[in-house]
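What you see below is based on every heavy atom in this structure, not just the backbone, and it leaves out hydrogens, waters and symmetry mates. In what follows, chains are A, B, ... by sequence order, proteins preceding strands, each numbered from 1. None of the values given here were measured: they were computed from a predicted structure.
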Amino acid sequence: MPELPEVETIRAGLAPVLIGNRIQHLAIHAPKLRWPIPVAQLQQETCNQIIHTLERRGKYLLWGCGSGHILIHLGMSGRLFVQQGARAAHDHAIWTLENGVRICLHDPRRFGALLWIDGAWQNHPLLAGLGPEPLGERFDADHLHAHCRGRRVAIKTLIMNPRVVVGVGNIYAAEALFLAGVHPARAAQTLSRDDGARLVRAIRQVLQAAIVQGGTTLRDYRQSDGTPGYFALHLNVYGRSGEPCRVCATPIALLRLGQRSAFFCPRCQAEG
DNA sequence: AAATTCTCCTGAAGGC
DNA sequence: TGCCTTCAGGAGAATT
């Protein structure tokens with residue numbers, strides 16, 4: 001579940017640990033995650049260098065270090081934390097800082113990424129085409145409405161497209177559509193401008209609330225200090241098929257949109 | 001069973 | 001009708 005709130009929680013937790021500290025050693029124990037790990041380049045470029053920034057763009061983490069950036073994506077099962085004990089299974093990368101702190105990248109399913117970017121990250125192929133940050137000023141009703149125009153794609157699929165807006169994964173897409181009262185399968189082009197405005201507000205609201213709760217822990221996700229996130233207690237539709245809607249008591253429904261589960265209330269989120 | 005997102009492929013739909 | 005382009009959606013990538 002690392003969606004935007006989870007990655008932001010990890011960033012905020014690790015920033016005071018990383019920033020201003022020097023990387024002493026990097027050990028890599030897997031040849032590749034989603035892509036091959038450029039081991040020699042990472043070691044050469046970052047060892048003995050100070051980490052000066054820790055940024056998040058969508059679900060990507062960027063450590064400003066030396067003359068470039070370490071890029072990390074947590075995929076579906078990735079965790080990034082301060083390692084306390086011995087190395088465990090699926091601990092693929094371990095940074096040792098000059099003060100002795102060890103940072104571990106752990107990812108059983110290996111859908112994550114660990115790459116090196118020379119110089120600025122804004123033009124890197126993985127980042128250059130990303131849509132606006134959902135909590136930033138550039139994400140507004142105009143922007144969403146422009147992307148909906150002429151598109152028959154389901155609105156849930158559209159808001160999960162990182163080229164439209166970053167960071168909205170399956171859980172928060174479902175929750176935002178519920179708050180906005182929009183059926184997940186509605187063709188994007190049928191949304192009125194007012195629907196779009198409500199959806200933008202709902203996306204911001206649900207992401208902000210989740211960040212306050214430290215993210216959503218279903219199974220694997222932990223904050224960088226090991227504690228779970230508590231937004232699962234606030235979920236209205238995600239994972240609740242068959243249970244009563246908290247607003248109208250109608251059983252929550254589940255439909256398959258693409259290859260993803262789409263949970264919704266058939267009454268609060270009527271079609272059309 | 002499945003939280004992520006890339007690339008590649010196929011078939012449908014739209015423009016002219 | 002037919003050709004061409006774009007769009008939509010599915011598979012596959014790794015693993016507990």
*Does one side chain, of Asn48(A) or Gln24(A), offer a donor that lies under 3.5 Å from an acceptor on the other?*
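Judged by distance alone, the side chains do not pair up.
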Presence of [X] side-chain N/O under 4.0 Å of [N] phosphate oxygens OP1/OP2:
{"X": "Arg34(A)", "N": "dA13(C)", "value": "no"}
{"X": "His73(A)", "N": "dT5(B)", "value": "yes"}
{"X": "Tyr60(A)", "N": "dC6(B)", "value": "yes"}
{"X": "Arg260(A)", "N": "dA3(B)", "value": "yes"}

_Check ion pair Asp107(A)-Arg110(A) (N to O, under 4.0 angstrom)_ =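 Arg110(A) and Asp107(A): not salt-bridged.
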_Looking only at the side chain of Ser261(A) (C-beta and beyond, no hydrogens), which of the listed nucleotides dT4(B), dC6(B), dA2(B) gets closest?_
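Of all the options, the side chain of Ser261(A) is nearest to dA2(B).
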*Test Val166(A) against Lys59(A) for side-chain contact (heavy atoms from CB on, under 4.5 Å), laying out the working first.*
CA-CA 7 Å; Val166(A) 296; Lys59(A) 301 175 188 173; over 6 Å; no
*Inter-nucleotide P distance (dT16(C), dC6(B)), Å rounded*: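 These two P atoms come out 25 Å apart once rounded.
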*Using a 4.5 Å cut-off on heavy atoms from C-beta on, say whether the side chain of Pro244(A) contacts that of Thr250(A).*
no
*Report yes if the ring of Phe111(A) lies under 5.5 Å from the six-membered base ring of dA13(C) with planes under 30°, and no otherwise.*
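Check failed, Phe111(A) does not stack on base of dA13(C).
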_Pairs involving residues 125-153 of chain A, ordered by first then second residue, that meet side chain to side chain donor-acceptor pair (under 3.5 Å) (sequence neighbours left out)_ =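 Those involving residues 125-153 of chain A are Arg56(A)-Glu133(A), Arg57(A)-Glu133(A), Asp142(A)-Arg193(A).
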*Atom-pair distance (CD1 on Ile159(A); P on dT5(B)), nearest Å*: 13 Å
*What string of B, S and - do you get for nucleotides 5-10 of chain C, 5' to 3', if B is base contact, S is sugar-phosphate-only contact and - is no contact with any protein heavy atom under 4.0 Å?*
---SSS
*Mind running ring pair (Phe, Tyr, Trp, His ring centres under 6.0 Å) on Trp63(A) and Trp95(A) for me, showing each step along the way?*
CA-CA 12 Å; Trp63(A) 308 14; Trp95(A) 287 266; 4.6 Å; yes
*Neighbour count above 12 (heavy atom, 6.0 Å) for Gln44(A) CD*: no
*Can you tell me which stems involve DNA chain C, if a stem is defined as three or more consecutive Watson-Crick or G-U wobble pairs, both distances under 3.5 Å?*
B:5-16 with C:2-13
